[in-house]
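So the structure is just underneath, and the comments pick up after that.
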Number of protein chains: 2
Amino acid sequence: MQKLVIPRKTVYRLSLYYRALQRLRVGKTATVSSAALAKAAGVKPTQLRKDLTYFGQFGTRGLGYSVESLSKQLTDVLGTTRLQPVILVGAGNLGAALLRYHGFAKEGFEVVAAFDVKTSKTRAQQLGVKLLPMTELGGFVREQHIKMAILTVPGTVAQEVANALVEAGVLAILNFAPIILQVPDRVVVNNVDLAIELENLSYFIQ
Amino acid sequence: MQKLVIPRKTVYRLSLYYRALQRLRVGKTATVSSAALAKAAGVKPTQLRKDLTYFGQFGTRGLGYSVESLSKQLTDVLGTTRLQPVILVGAGNLGAALLRYHGFAKEGFEVVAAFDVKTSKTRAQQLGVKLLPMTELGGFVREQHIKMAILTVPGTVAQEVANALVEAGVLAILNFAPIILQVPDRVVVNNVDLAIELENLSYFIQ
DNA sequence: CTGTGTGAAGGCTTTCACAGCC
DNA sequence: GGCTGTGAAAGCCTTCACACAG
């Protein structure tokens, strides 16, 4: 597997393609051309074809791609074949909000526990997930072999918590705190900053 | 103003720089080098300097940048000098979650109203914001001259709602629905898809 | 004849190297 | 001496053009 040569942007687009394919699948479409799929994913047809060739040949010339088969290939490449356990750290405003929003679950991810400095039975019931104190973070991650974490703590403690996560063995962090986390090279961080997205939009409407 | 020549990625990074500067400001730092600021923003020093030169010269050679002054310049360029009114469409799980999370407010954006197909007094009170039926969307946008919208409706109706927003005069959409919106060139869309971010991470931990 | 696969060209961003100013 | 500003070079990604398969 020469996954190291696949550009990050390509990997990101694979998810877009997968999403678009799922919509076709429920629409009972059996086969799709690069032109049609590219449009649904918001990219150019040549880019879609180029992206796919990074890890194999999946289409039939003159016909297109099998929706079913390409879907499967993509889940294999993306590593979403099995349900991936995830923990959420920081059950404050945003963290609690994300827990209530169950958008992750249906896409192959399960939030198996949440962590916060302050825990209580009633709060745990509100959130509908196991709520543990920060002191148990390291042990839990190690025992359950957790590899992915959603980080929704305040920016002031984000780096410190990230350090604890990394030390316990977490390899991927979805970071909502508005700071750039310093982590070892083996750890991947994706940043989501809603305020920055809005700020970015505001530039374009002047 | 030759804003058209500034790369999109540069504009995005300006927000990162601004964020980093705010942290320095509360730390009473008066002046900062490109090396220090770049590290805080997670980029290379040369890139930071190149980004800034797209719209002027702000530093002092041998010294660095004035935190105060550069902050102001950035808000000018980004267009966040004035408080920008925003509406949220779709007060379901995710929409409600974002309303409860007040991360936007402190960054210069105010959610002035939320829209949903079903409205009720108690629901509006829970959300802490004016909750209006979808039928009033167009009128409200036109009267209040709303330019920015956060879209948190189900994917199945997202395009339809986006059309209504665009027709009423909205110029920028922060889209959380998992589809690619088709909009006129004058309208800017930023997509945020939490499931895709997780999926993307899962590729890197295989 | 339709639609994929792909080397080559083109375009865009990042990085380098160093001149210029404090 | 330290640090910014910037043309030039390098690197990366996208798009083109067309060969090739069904």
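So that the names make sense, note that chain A is the first sequence line, chain B the second, and so on, each numbered from 1.
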For this session: Give a yes/no answer on whether the side chain of B:Q57 brings an N or O atom under 4.0 Å of OP1 or OP2 in C:dC21.
Result: no
Exercise. How about A:N190 and A:N175: does a side-chain donor come under 3.5 Å of a side-chain acceptor?
Worked result: no
For this session: Compare side-chain N and O positions of A:S34 against OP1 and OP2 of C:dT4 and report whether any pair is under 4.0 Å apart.
Result: yes
Problem set entry | Modelled atom types, side-chain donor and acceptor of A:S15 and B:E199, under 3.5 Å | yes
Exercise. Does the side chain of B:Q159 pick up a donor-acceptor pair with the side chain of B:N163 at under 3.5 Å?
Worked result: yes
Problem set entry | cation_pi(B:R13, B:Y18) dist<6.0 Å, angle<=45 | no
Problem set entry | B:I6 CD1 to C:dC12 C1', straight-line distance once rounded to whole Å | 15 Å
For this session: Inspect the surroundings of CD in B:Q182 and state if more than 12 heavy atoms from other residues, nucleotides or ligands are less than 6.0 Å away.
Result: yes
Problem set entry | Pair B:R19-B:Q22, side-chain donor/acceptor within less than 3.5 Å | no
Exercise. Within this structure, what is the CZ-to-C1' distance between A:F55 and C:dG5, rounded to whole angstrom?
Worked result: 14 Å
Problem set entry | Name of the residue among B:V129, B:L137, B:V111 meeting side chain to side chain contact (heavy atoms under 4.5 Å, CB included) with B:I87 | B:L137
For this session: Could you tell me the separation between the CG atom of A:L63 and the C1' atom of C:dG5, rounded to a whole number of Å?
Result: 15 Å
Seminar exercise, completed: When rounded to whole Å, the OH to C1' distance for the pair A:Y17 and C:dT4 reads 14 Å
Considering only distance and modelled atom types, tabulate donor-acceptor pairs under 3.5 Å from the side chains of residues 138-156 of chain A, sequence neighbours left out.
from: A:H145; atom 1: ND1; to: A:E143; atom 2: O; distance (Å): 3.4
from: A:T152; atom 1: OG1; to: A:V89; atom 2: O; distance (Å): 3.1
from: A:T152; atom 1: OG1; to: A:G90; atom 2: O; distance (Å): 2.6

Seminar exercise, completed: When rounded to whole Å, the CG to P distance for the pair B:L52 and D:dT4 reads 10 Å
For this session: Check the distance between D:dC13's P and A:L14's CG and give it to me in whole angstrom.
Result: 14 Å
Problem set entry | Nucleotide C:dC21, atom P - distance to OH of B:Y65 in whole Å | 16 Å
Exercise. Roughly how many Å is it from CZ in A:F58 to P in C:dT6, rounded to a whole number?
Worked result: 11 Å
Problem set entry | Terminal axis angle for the helix from C:dC1-D:dG22 to C:dC22-D:dG1, five pairs an end, nearest 10 degrees | 10°
Exercise. How many angstroms lie between atom CG of A:L88 and atom CG of A:D116, to the nearest 0.5 angstrom?
Worked result: 9.0 Å
Problem set entry | Footprint string (nucleotides 14-22 of chain D, 5' to 3'): B base within contact, S backbone only, - free, heavy atoms under 4.0 Å | SBBB-BBBS
